[in-house]
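To start, the structure under review is shown below, and the notes come after it.
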Amino acid sequence: MSSFTSTYIYFPASNCYRSVTPLSSSLSFSIPSAGRRKNRVKFSRQGIQCSVAEGSATVPPSLSSGSGQSVLDCVIVGAGISGLCIAQALATKHRNSNLMVTEARDRVGGNITTVERDGYLWEEGPNSFQPSDPMLTMTVDSGLKDELVLGDPNAPRFVLWNGKLRPVPSKPTDLPFFDLMSIPGKLRAGFGAIGLRPSPPGHEETIEEFVRRNLGSEVFERLIEPFCSGVYAGDPSKLSMKAAFGKVWKLEQNGGSIIGGTIKAIQEKSRSPKTPRDPRLPKPKGQTVGSFRKGLIMLPNAIFSRLGNKVKLSWKLSNITKSDNGEYTLLYETPDGMVSLQSKSVVMTVPSYVASSILYPLSAVAADALSKFYYPPVAAVTVSYPKEAIRDECLIDGELKGFGQLHPRSQGVETLGTIYSSSLFPNRAPPGRILLLNYIGGATNTGIVSKTESQLVEAVDRDLRKMLINPSAQDPQVLGVRTWLQAIPQFNVGHLDVLEAAKSALNDGGFKGVFLGGNYVSGVALGRCVEGAYEVAAEVTDFLSRSSFVQTL
């Protein structure tokens with residue numbers, strides 16, 4: 001997950017298609033995919049007209065069904081990015097290929113939804129990732145090193161404030177000069193960071209409480225609140241600082257203040273033995289984000305190709321039972337009829353509300369805990385304008401440059417944020433065109449579910465004309481409108497306790513071989529899903545090794 005300290009604008013998770021489907025697995029907006037209406041939408045401020053058009057994300061063909069009679073070491077339920085990466089980590093890092101990945105839909109990738117048509121390439125789910133070493137390792141192991149594309153680390157990020165798009169500081173030397181905050185606000189943040197602020201309360205703080213206490217109201221209102229909207233599409237008065245931004249939360253816990261914790265972390269790192277970095281990995285410059293030449297869908301497709309017939313599509317899990325010998329039986333509805341698999345362990349990477357219904361027969365307590373996580377709706381609206389539609393004051397050297405922009409809820413616009421897709425990565429739009437990916441909805445605006453496609457586009461276009469697009473510019477070309485009814489799991493206060501309750505209920509109930517994975521466990525950003533996949537793979541491997549040891553006694 002992108003962190004504020006690195007000033008990533010990792011916006012959430014969207015030929016014109018509109019699908020209203022559950023969304024699970026990463027929106028840096030950390031956003032799933034399903035069937036869609038194939039309608040091309042032509043926009044005008046008077047409304048939207050539709051005509052039939054073909055085009056969709058390309059996915060590999062479904063593999064044939066079937067199951068072997070031998071007992072598997074692990075069955076991974078869900079072929080989104082988390083499930084596929086867990087399988088890849090087991091196969092590459094732990095040398096265990098005695099596994100199976102099952103997916104109820106007829107495609108892999110979960111939330112990742114890349115669409116290419118008419119010279120445009122756009123995302124309708126997650127848009128990019130932080131190129132951490134685990135993410136780069138997964139990229140290299142999937143054979144995609146040469147397909148990796150990285151954004152310009154010097155590209156600015158913007159926040160709308162008082163009618164103007166203002167750059168966010170990207171490095172410490174920017175702090176004295178950026179105009180997003182006042183001098184008193186900067187001083188308040190500085191004093192708070194070194195520890196001159198109220199002491200922590202005796203309860204779990206929301207993001208709003210933590211930031212206002214440590215860094216002041218201006219930092220919260222002008223930086224953190226829009227950032228929460230961008231990453232979680234969430235309400236910072238409900239999101240847990242500990243759960244959503246744990247690394248920053250731990251700084252104060254460990255060092256007495258944010259700066260004190262940072263210094264202590266640096267000292268501890270310098271005293272620890274330095275692990276040699278994998279020489280195969282690329283070396284990104286600066287703070288940037290990454291994707292692939294043909295979009296994020298290349299990663300799940302590449303892993304799918306490598307796993308081959310170990311991935312089963314259109315397999316819907318009906319139930320799980322545990323036998324007396326400790327093995328699990330998973331019963332599936334498949335295109336070829338009912339099929340059962342035997343496995344020593346199971347990893348659930350489906351959304352928490354899906355896992356809840358499947359696991360209820362095993363543990364009602366775990367199922368009840370998993371049912372408590374909230375996924376608000378988010379719509380992703382992809383539009384294109386001619387270059388001359390961009391306001392002159394928003395151009396840098398005559399071009400629209402930057403990662404994108406975020407909009408605080410106090411600034412009178414409905415759109416959460418906008419990604420400059422054609423500026424971020426190459427070959428995303430035809431010459432002379434600007435491609436913009438916009439997100440609208442979230443925990444503070446659930447009413448989007450009652451809006452029509454026309455109303456969503458009109459809201460986005462109206463907002464853009466307030467700060468980025470010339471008011472007199474021609475109507476946008478509408479490429480995609482996709483509404484995710486259940487988009488991003490909210491890491492609200494109590495999230496970690498509820499998650500631990502679910503895990504404990506499974507362990508205490510005698511189901512230690514059942515593991516939970518996915519974005520509600522690891523974090524919502526795509527990169528965190530990959531990092532979480534390595535963590536789950538290590539847990540599974542440890543469980544299998546301990547089980548084997550017990551059986552030999």
Side-chain angles (χ1 to χ4, degrees), residues 1-14 22-32 82 111 125-130 157 159 204-211 219-221 223-249 289 351-353 372-380 404-410 414-419 437-446 448 483-496 498-499 518-529 531-532:
M1 179 175 62
S2 305
S3 67
F4 170 70
T5 51
S6 61
T7 67
Y8 289 121
I9 293 183
Y10 195 83
F11 304 123
S14 179
L23 181 70
S24 71
S25 140
S26 139
L27 190 165
S28 294
F29 222 144
S30 349
I31 306 179
S82 293
N111 302 352
N127 180 76
S128 59
F129 54 80
Q130 181 183 349
R157 291 87 161 165
V159 168
E204 182 178 357
E205 286 183 288
T206 65
I207 291 176
E208 180 174 2
E209 290 171 331
F210 180 94
V211 175
V219 170
F220 171 74
E221 294 165 1
L223 288 170
I224 302 303
E225 186 272 329
F227 186 75
C228 289
S229 295
V231 175
Y232 282 93
D235 183 348
S237 69
K238 297 179 180 178
L239 289 168
S240 164
M241 187 69 193
K242 180 180 179 181
F245 299 113
K247 290 183 179 179
V248 179
W249 177 82
V289 294
S352 62
Y353 50 87
K372 294 178 179 179
F373 297 127
Y374 172 52
Y375 293 65
V378 174
Q405 60 193 52
L406 288 172
H407 312 141
R409 300 298 82 214
S410 62
E414 191 174 1
T415 309
L416 295 169
T418 299
I419 296 174
L437 173 55
N438 308 272
Y439 297 96
I440 186 170
T444 60
N445 183 17
T446 59
I448 65 158
T483 298
W484 306 99
L485 278 185
Q486 294 172 288
I488 307 164
Q490 299 298 287
F491 281 43
N492 289 335
V493 169
H495 180 94
L496 296 180
V498 174
L499 180 60
N519 60 355
Y520 72 95
V521 178
S522 62
V524 300
L526 192 150
R528 271 302 302 150
C529 288
E531 292 168 16

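As the structure is a prediction and not an experimental result, all values here were calculated from the model. This chain uses plain numbering: 1 for the first residue, then up along the sequence.
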(request) Check the pair T418, N438 against side chain to side chain donor-acceptor pair (under 3.5 Å), reporting the backbone distance first and the verdict last. (result) CA-CA 4 Å; T418 299; N438 308 272; 2.7 Å; yes

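- Residues satisfying the side-chain contact (heavy atoms from CB on, under 4.5 Å) test with K372, not counting sequence neighbours, are D368, V498.
- When all heavy atoms of L416 and G441 are compared, the pair lying nearest together is CD1-O, 3.6 Å.
- Qualifying side-chain contact (heavy atoms from CB on, under 4.5 Å) partners for S522, counting only residues two or more places apart in sequence or in other chains: R528, C529.
- To the nearest 0.5 Å, atom CD of residue E414 and atom CD1 of residue I440 are 3.5 Å apart.
- Residues passing the ring pair (Phe, Tyr, Trp, His ring centres under 6.0 Å) test with F220, sequence neighbours excluded: none.
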(request) Show your working on side-chain contact (heavy atoms from CB on, under 4.5 Å) between V248 and M241 and close with a plain yes or no. (result) CA-CA 8 Å; V248 179; M241 187 69 193; 3.7 Å; yes

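- Here the shortest heavy-atom pairing between G234 and Q490 reads CA-OE1, 3.0 Å.
- Taking CG from L239 and NE2 from H495, the interatomic distance works out to 10.5 Å, rounded to the nearest 0.5 Å.
- Atom CG of L406 is separated from atom CD1 of I419 by 9.0 Å, given to the nearest 0.5 angstrom.
- For the atom pair SG (C228) and CG (L223), the distance works out to 11.0 Å, reported to the nearest 0.5 Å.
- E205 pairs by the salt bridge (Lys or Arg N to Asp or Glu O under 4.0 Å) definition with R213, not counting sequence neighbours.
- Put simply, the side chain of N492 does not reach to within 4.5 Å of the side chain of F373, judged on heavy atoms.
- With sequence neighbours excluded, the residues forming a side chain to side chain donor-acceptor pair (under 3.5 Å) with T415 are D463, listed by chain and number.
- Under the 3.5 Å distance criterion, the side-chain polar atoms of E225 are matched with a main-chain donor or acceptor of R409.
- Scored by the ring pair (Phe, Tyr, Trp, His ring centres under 6.0 Å) test, Y374 finds no partners at all (sequence neighbours excluded).
- Shortest non-hydrogen contact noted between P226 and V159 is CG-CG1, 4.3 Å.
- Taking the six-membered ring where the residue is Trp, the centroids of Y232 and F491 are separated by under 6.0 Å.
- Considering only residues two or more places apart in sequence or on other chains, E208 meets the salt bridge (Lys or Arg N to Asp or Glu O under 4.0 Å) condition with R212.
- Between P126 and L526 the shortest heavy-atom distance is CB-CD1, 4.0 Å.
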(request) Might you work through the side-chain contact (heavy atoms from CB on, under 4.5 Å) test for L496 and S240, ending with a clear yes or no? (result) CA-CA 9 Å; L496 296 180; S240 164; 5.8 Å; no

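- Remark: I448 CD1 to T483 OG1 distance equals 5.5 Å, nearest 0.5 Å.
- Side chains of Y520 and L499 form a contact here, defined as non-hydrogen atoms less than 4.5 Å apart.
- Between G442 and P376 the shortest heavy-atom distance is C-CB, 3.7 Å.
- Applying the side chain to side chain donor-acceptor pair (under 3.5 Å) test to S237 and every residue at least two apart in sequence or in another chain returns D235.
- Contact between G518 and S82 at its shortest, heavy atoms only, is CA-OG, 3.5 Å.
- Counting only distance, with no hydrogens or angles, the side chain of Y375 and the backbone of P351 share no donor-acceptor pair below 3.5 Å.
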